[in-house]
Q: 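Handing you a structure now.
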Amino acid sequence: MNKSASQNGVPMSPAPELKATLTLPQTAFAMKANLPQNEPLRLARWTSLGLYEKLRKAGRGRPVYLLHDGPPYANGPIHLGHALNKGLKDFVVKSKTMAGFDAPYVPGYDCHGLPIEIKVDEKLGHKKLEMPVPAVLEACRAYAQKYVGLQTEQFERIGCFGRWETPYKTMARGYEARTLEAFYGFLEKGFVYRGLKPVYWCIHDRTALAEAEVEYENHTSPSIYVRYRLTSDPAAIAPALAGRQVSTIVWTTTPWTLPASLAVAFHPDFDYVALEAESGEVYLVAAALAEQVAAACRLGHTKQLARFKGALLERLTFQHPFLERSILGVLGDYVTADTGTGAVHTAPAHGADDFYTGQRYSLDPTCRVDAGGHIHVDPAAWHLAQPPAFDGLNVWKANPIIVAMLEERGALLGGGQLEHSYPHCWRCHHPVIFRATEQWFISLETPVKRADGSETTFRQVAIEEIDKVIWDPAWGKERITNMIATRPDWCISRQRIWGVPIAVFLCEGCNLPIVDAALNRGIVDLFEREGAEAWHTTPLEVLLPAAAACAHCGGTAFRKETDILDVWFDSGVSWLAVCESDPDLSQAYSLFQKGEGREVPEVLYLEGGDQHRGWFHSSLLTSVALRGRAPYSHVATAGWTLDEQGRAMSKSLGNGVDPIDIANRMGGEIVRLWVASVDFREDTAASENLMQRCAELYKKLRNTFRFLLGNLHGFVPARDRVPEAELLPLDRYMLARTRDLTEKILAWYEAFEFHRVYQAVNEFAIVDLSAFYLDVLKDRMYTFAPTSTARRSAQTVLWQVTEALVRLVAPILTFTADEIWEHLPAVEGREASVHLALFPKPEEIFSGDPAPILAEWQKLFALRDEVFRAIEDWRKEGSVGKGLEASVTIVASGDFTQFLRSISKDRMQEFLNVSSVFVGDLYADSGELRNLLGDQAYDLIKSTFANRSFRAFASRAIGTKCNRCWRYTHDTANYGIWQNVCTRCQSALCEMGIAPPQPEAEK
RNA sequence: GGAGCCGUGCCUCAAUGGUCACAGGAGCGGAUUUAUAAUCCGAGAUCUGCUGCGGACACAGCAGGUGGGGGUUCAAGUCCCCCCGGCUCCGCCA
């Protein structure tokens, strides 16, 4: 209690304390947030309130803004990249909602595909082989559902709003039906063909892979030089070679492809030379590489016998190094002169270039490597009773055996190991191979008609559609354009089971599919009713009318295709399966697709930059093919989340900061604050340290709000609000500043510049509010009578600032803004949650143009800085104390003196937090200033004043300290038993109805 | 190989071509018991050159200084070119 009294041994006075007459901040808004404990409670409250439904209801009739969610893959807990992704989307949805749009958000999940199937395989083990397909699918479904549930819980935990009870799932029956419908759309419109082609093949997962499913990683391969002996007449190349033993040398890093070697490719325009080695053999290699090859193959001292163009080597024949096969000399302009020998061994079954070259020369592309990567020797090229040692081995095991076989036969001229980047399966990270197999393709060169009837290709229309979309950042457009321009046909088939079946009937006679729209419709309906499993469970006879006959060959025997669709096809049709089909979205989406009417909604896709080759890409292709236009109007891309070492955090690696761990220890709000703090268009760094930073900023913001709320205690807006015209100048200034801030923040939300919102709010709270306005206001808030106009003026502004700020931060500080909302002074008709409110309107905060007011005050802030410096100087001289113990002398000149004098003393003292201020003109008031500062100081100022417009000096305040407000004045008096109370405080006490307390009767 | 992003104090970072380059954190110095698990104030850019001094250190002042170097401009952290460093994406056939 009263310490000094008891220390003096005087009995404690029961008289009321002067301090108790101050109006100190009072609020139930806790200083300590306890986010990990309190956030879940608030989530539960929102659920019971039905907040998302309420938002939808509130949005009815407003213009629609459609952010269509790209589905994350449902096979694990979320990582920071997910948190960034969903956090940004949530900022968009919330800010658009508060900006007056109806912004529904239907989250989605990508459920089919290899990673889940593999996991389920691992779990089931041998059992899988005995299980019927539908049972395995059921297990996959359950696995995916488990992670749909987990991720949903986690996304909600970090405060993301959306239709979480009923998200879209690519494995939902309806979605599967739509996916199949989309495939049939492609099929019926003639985009689809089935063909033999080299595709990336994962022998571990036994499936074809799309380009998007391949990642390049380092891999060590054997690097060998192999001799191919010429069997045609060497004199045909150059007379000098007549009768000589001539060979060429190929270089390869995949010895296992040699059994499939059918040709050697030369560049038609390169110079080739015939080199005579020390051994006497003659080798044909590219001139540019001759020296290098001679060294690598230890040819010794070489002699050039002839020089000629590669074109001359076409249709020569060579002997395969270990098979009984003639190898054809072919030409290809993909042969390069920087590595290898200029002679490229060509296996049409195992390379794209090789395949197309093979087609030109009618070579057989049959692949003798099976799905598991086992080589099966071509019986036509192997006449020995014993199969070769590599027969039946997988390609990696076959490599060294083939190398040994070459060595044995003297065909190995050089060898070593090479570490190079090599395609790997993005899911299992095993190296992949090229393998020519029968696959389903969507042709990018499909002829299509534009809206105006002109003829073009699918690829071309896709590129034209890209141009109509806003890409943010802008370079994304170039990126995806290049990808579409150069990509090969889309291989959409996979040899797995967990996905949407390519539900077609193939003619046993000619292998062509039945294309029958009515039949297809029936299968789609079947999927709708029973799910994709129906393809496996329903016998062919039931699915196919008995009278069916092949339109091509008339055959009547059919089989069901067993391949499934690429998962990128699944998610790539979400615009159809979700935007067009979901009752909450379809109406707005159809407005968008028609592109007509007054209010054409925006459709935004917002994902990581990797989706240029993923979801943005596949969605574009499917929508352009089936609807003739891009599925979005706006695409925004986020950079990568990097860990502290600067390594990318990616879906497949799953490294880095765990957002849920942060939410559990610091709060989901902290994760959100981090998301807001980064410029998402660039790569972003995250670490424990940076999260800590956000947590500290959070504390500061929270405390600022707490102080605002505390000082609004007792303020009833309808009763106490002071009209704008009657506000004190300082308070008016703050309103102008708040309007200015609001305008900026609204524009930043509009442009998705969330990090600027973060910065500006941060700065406003710390600099404008905490360090300035709130600090300055303490005197007025604490010591003036609660009902006084001056105090109400301040409260009016504090109230408006808080009302504006809480809305402006609500999209980011989702939990805290809502908590603040509950502690605001009651207002009739207030929404149940801040999230149901709209952003503040700048003109309702302050009616005038803020710019001139801000400019005027700018001058005063320079003065404030100077005064604080002066007080600091004075403190250093040994006098201690706070600003109120100081009296300040300001020396100014000319117009600035006039300007300062136009401000009342009280305002000046309040603004500077000092007890008294004297403003003197350097010239006009020299006498007075000499008195106050001393001749020496005055002369010094006068001589150094040239480059300044003012100087300030602090000295001990004169007068007596008021025990209530702590200002030093000349007019303190006793107020009852309270000693030294200034007249301002006395009248305040009067106004508060507190009579001077009288001493207690003597004991 | 192609495309792009980034580089600002010890750290994290801001800045329509326009004041003296924002702010926070850490550390330093100080104040406050009336936001107190809180708040406020102050000093503070690594370096280079020059001046003050007979000279050195220290100090003070001035000028330059936003990875380095050029350029455009009345004016550049910002626009252009080159270089260095970090990162990402795309491509990568033997």
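Being a predicted model, the structure only gives us computed values, none of them experimental. First the proteins, then the strands, lettered A, B, ... as listed; each starts at 1.
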Q: Is the distance between the ring centroids of A/W256 and A/H350 under 6.0 Å?
A: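 For A/H350 and A/W256, the ring centres are under 6.0 Å apart.
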
Q: Could you check whether A/K699 gets within reach of a base, just the sugar-phosphate, or nothing at all, counting any heavy atom under 4.0 Å?
A: nothing

Q: Considering Watson-Crick and G-U wobble pairs with both distances under 3.5 Å, what does B/rC20 pair with?
A: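 Pairing partner, where one exists within any strand: none, as none qualifies.
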
Q: Starting from the 5' end of RNA chain B, give me the residue, A/R479 or A/N913, whose nearest nucleotide shows up first.
A: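 The residue whose closest nucleotide sits nearer the 5' end is A/N913.
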
Q: Can you tell me the Watson-Crick or wobble partner of B/rG54, both distances under 3.5 angstrom?
A: none

Q: Have a look at A/M781 and say if it touches a base, only the backbone sugar-phosphate, or nothing, with a 4.0 Å heavy-atom cut-off.
A: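 If one applies the 4.0 Å heavy-atom cut-off, A/M781 turns out to touch nothing in the nucleic acid.
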
Q: Across the strands shown, which category fits A/W251 at heavy-atom distances under 4.0 angstrom: base, sugar-phosphate, nothing?
A: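 A/W251: base contact, heavy atoms under 4.0 Å.
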
Q: Under 6.0 Å between ring centres: does that hold for A/F861 and A/F911?
A: yes

Q: Please report the distance, rounded to the nearest Å, between CG in A/L709 and C1' in B/rA38.
A: 16 Å

Q: Report the base-pairing partner of B/rC62 (Watson-Crick or G-U wobble, both distances below 3.5 angstrom), or none.
A: B/rG49

Q: Is a side-chain donor-acceptor pair under 3.5 Å present for A/S261 with A/H320?
A: no

Q: Pick base, sugar-phosphate or nothing for A/T339, based on heavy-atom distances below 4.0 Å to the nucleic acid.
A: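 The residue A/T339 makes base contact.
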
Q: Suppose we define a pair by two distances each less than 3.5 Å, Watson-Crick or G-U wobble; what does B/rG44 pair with here?
A: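 Paired with B/rG44, as far as the under-3.5 Å criterion goes, is no nucleotide at all.
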
Q: Counting any heavy atom closer than 4.0 Å, what does A/L697 reach on the DNA or RNA strands: base, sugar-phosphate only, or nothing?
A: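 Answer is nothing: A/L697 stays at 4.0 Å or more from every strand.
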
Q: Output, in order, the C-alpha distance, side-chain angles, deciding distance and verdict of side chain to side chain donor-acceptor pair (under 3.5 Å) for A/R984 and A/T783.
A: CA-CA 9 Å; A/R984 196 185 75 187; A/T783 70; 3.2 Å; yes

Q: Quick one: are the ring centres of A/F705 and A/F29 less than 6.0 Å apart?
A: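 Between A/F705 and A/F29, the centre distance exceeds or equals 6.0 Å.
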
Q: Watson-Crick or G-U wobble partner for B/rA14, using a 3.5 Å limit on both distances?
A: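 None - no nucleotide pairs with B/rA14, as no candidate has both distances under 3.5 Å.
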
Q: Tell me: CD of A/E688 to P of B/rA26, nearest whole Å?
A: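 Those two atoms, CD and P, are 16 Å apart.
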
Q: Round to the nearest Å and state the distance from A/D865 atom CG to B/rC22 atom P.
A: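 The answer, rounded to whole Å, is 11 Å.
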
Q: Expressed as a whole number of angstroms, how long is the span from A/M31:CE to B/rU36:C1'?
A: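 Those two atoms, CE and C1', are 7 Å apart.
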
Q: Give the nucleotide from the list B/rU33, B/rG25, B/rA3 with an atom nearest to the side chain of A/E478.
A: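 Comparing B/rU33, B/rG25, B/rA3 against the side chain of A/E478, the answer is B/rA3.
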
Q: Toward the 5' end of RNA chain B, which comes first, A/Y334 or A/W475, by nearest nucleotide?
A: A/W475

Q: Using the C1' atom as the point on both nucleotides, what is the distance between B/rU33 and B/rA38, in whole Å?
A: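 Nearest-Å result for B/rA38 against B/rU33 at atom C1': 11 Å.
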
Q: With respect to the side chain of A/L22, which nucleotide from B/rC41, B/rC90, B/rU34 is positioned closest?
A: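 Of B/rC41, B/rC90, B/rU34, B/rU34 is nearest to the side chain of A/L22.
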
Q: Partner lookup for B/rC93, please. Criteria are Watson-Crick or G-U wobble with both distances under 3.5 angstrom; report none if nothing qualifies.
A: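 Check on B/rC93: unpaired, no WC or wobble geometry under 3.5 Å.
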
Q: Tell me every residue that passes salt bridge (charged side-chain N to carboxylate O under 4.0 Å, His left out) with A/R706, counting only those two or more places apart in sequence or in another chain.
A: none

Q: Across all strands shown, which nucleotide pairs with B/rG4 by Watson-Crick or G-U wobble geometry, both distances under 3.5 Å?
A: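 Across any shown strand, B/rG4 pairs with B/rC87.
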
Q: What interatomic distance, in whole Å, is found between P of B/rC10 and the corresponding atom of B/rC92?
A: 44 Å

Q: In whole angstrom, what separates A/R864's CZ from B/rG42's C1'?
A: 13 Å

Q: Heavy atoms under 4.0 Å, any strand shown: does A/T336 hit a base, just sugar-phosphate, or nothing?
A: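 Contact class for A/T336: base.
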
Q: Starting from C1' on B/rG29, measure out to CD1 on A/I871 and report it in whole angstrom.
A: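 Distance check: A/I871 CD1 to B/rG29 C1' gives 17 Å.
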
Q: Return no unless some side-chain N or O of A/K700 is found under 4.0 Å from OP1 or OP2 of B/rU39.
A: yes

Q: Would A/T346 and A/Y361 count as having a side-chain donor-acceptor pair, cut-off 3.5 Å?
A: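 There is no such pair (donor and acceptor under 3.5 Å, judged by atom type) between the side chains of A/T346 and A/Y361.
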
Q: Suppose you measure atom C1' in B/rC20 against the same atom in B/rC79; what distance do you get, rounded to whole Å?
A: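 It comes out at 24 Å once rounded to the nearest Å.
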
Q: Scan nucleotides 12-17 of chain B against the protein and return all N/O pairs shorter than 3.5 Å with their distances rounded to 0.1 Å.
A:
from, atom 1, to, atom 2, distance (Å)
B/rU12, O4', A/R693, NH1, 3.1
B/rC13, O2', A/Q759, NE2, 2.8
B/rA15, OP1, A/R756, NE, 2.9
B/rA15, OP1, A/R756, NH1, 3.2
B/rA15, OP1, A/R756, NH2, 2.8

Q: Return no unless some side-chain N or O of A/K778 is found under 4.0 Å from OP1 or OP2 of B/rU39.
A: no

Q: Determine the interatomic distance between P on B/rC11 and the same-named atom on B/rG67; round to the nearest Å.
A: 13 Å

Q: Base, sugar-phosphate, or nothing for A/D775, non-hydrogen atoms under 4.0 angstrom?
A: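 The answer is sugar-phosphate, as A/D775 gets under 4.0 Å only of primed atoms, P, OP1 or OP2.
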
Q: Counting only heavy atoms not in A/K961 (residues, nucleotides, ligands), do more than 12 fall under 6.0 Å from its NZ?
A: yes

Q: Run the salt-bridge test on A/D610 and A/R613 with the 4.0 Å N-O cut-off and return the result as yes or no.
A: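 Looking at A/D610 and A/R613, the cut-off is not met.
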
Q: Contact class for A/Y782 vs. all strands (heavy atom < 4.0 Å): base, sugar-phosphate, or nothing?
A: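 If one applies the 4.0 Å heavy-atom cut-off, A/Y782 turns out to touch a base.
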
Q: Can you figure out which of B/rU39, B/rC41, B/rC93 approaches the side chain of A/F434 most closely?
A: B/rC93

Q: Could you tell me the separation between the CD atom of A/Q26 and the C1' atom of B/rU34, rounded to a whole number of Å?
A: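 So the two atoms are 14 Å apart, to the nearest Å.
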
Q: Counting side-chain heavy atoms from C-beta on, which of B/rU39, B/rC92, B/rA23 comes nearest to A/Y200?
A: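 Among B/rU39, B/rC92, B/rA23, the one nearest the side chain of A/Y200 is B/rC92.
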
Q: How far apart are the C-alpha atoms of A/Y698 and A/T816, what are their side-chain angles, what is the distance that settles it, and do they pass the side chain to side chain donor-acceptor pair (under 3.5 Å) test?
A: CA-CA 10 Å; A/Y698 175 81; A/T816 308; 2.7 Å; yes

Q: Can you find a heavy atom in the side chain of A/L690 that is under 4.5 Å from one in the side chain of A/V678?
A: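 Counting from C-beta outward, A/L690 and A/V678 never come under 4.5 Å.
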
Q: Quick one: A/K961 NZ to B/rU34 C1', roughly how many Å, whole number?
A: 11 Å

Q: Please check if any side-chain donor atom of A/T248 sits under 3.5 Å from a side-chain acceptor atom of A/Y272, or the reverse.
A: no

Q: Look at all strands and tell whether A/R780 reaches a base, only sugar-phosphate, or nothing, counting heavy atoms closer than 4.0 Å.
A: nothing

Q: Check every atom of B/rG25, B/rC41, B/rA23 against the side chain of A/F868 and return the nucleotide holding the closest atom.
A: B/rC41

Q: Reckon A/R706 has a side-chain N or O less than 4.0 Å from the OP1 or OP2 of B/rU36?
A: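 For A/R706, the contact criterion (side-chain N or O under 4.0 Å from OP1 or OP2 of B/rU36) is met.
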
Q: Find the distance between CZ (A/F707) and NZ (A/K778) and round it off to the nearest 0.5 Å.
A: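 The NZ atom of A/K778 is 5.5 Å from CZ of A/F707, to the nearest 0.5 Å.
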
Q: If the C1' atom of B/rA26 is compared with that of B/rC89, how far apart are they to the nearest Å?
A: 35 Å

Q: Near RNA chain B, which residues from residues 344-356 of chain A have a heavy atom under 4.0 Å away?
A: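 Those residues are A/V344, A/D353.
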
Q: Does a distance-only test, which skips hydrogens and angles, find a donor-acceptor pair under 3.5 Å between the side chain of A/S770 and the base of B/rA35?
A: yes

Q: Rounding to an integer number of angstrom, what distance separates B/rG25 and B/rG9 when you compare their C1' atoms?
A: 13 Å

Q: For the residue pair A/E607 / A/N85, report whether a side-chain donor-acceptor contact shorter than 3.5 Å exists.
A: yes

Q: If we take the P atom in both B/rA63 and B/rC74, what is their distance in whole Å?
A: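 After rounding to an integer number of Å, I get 23 Å for this pair.
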
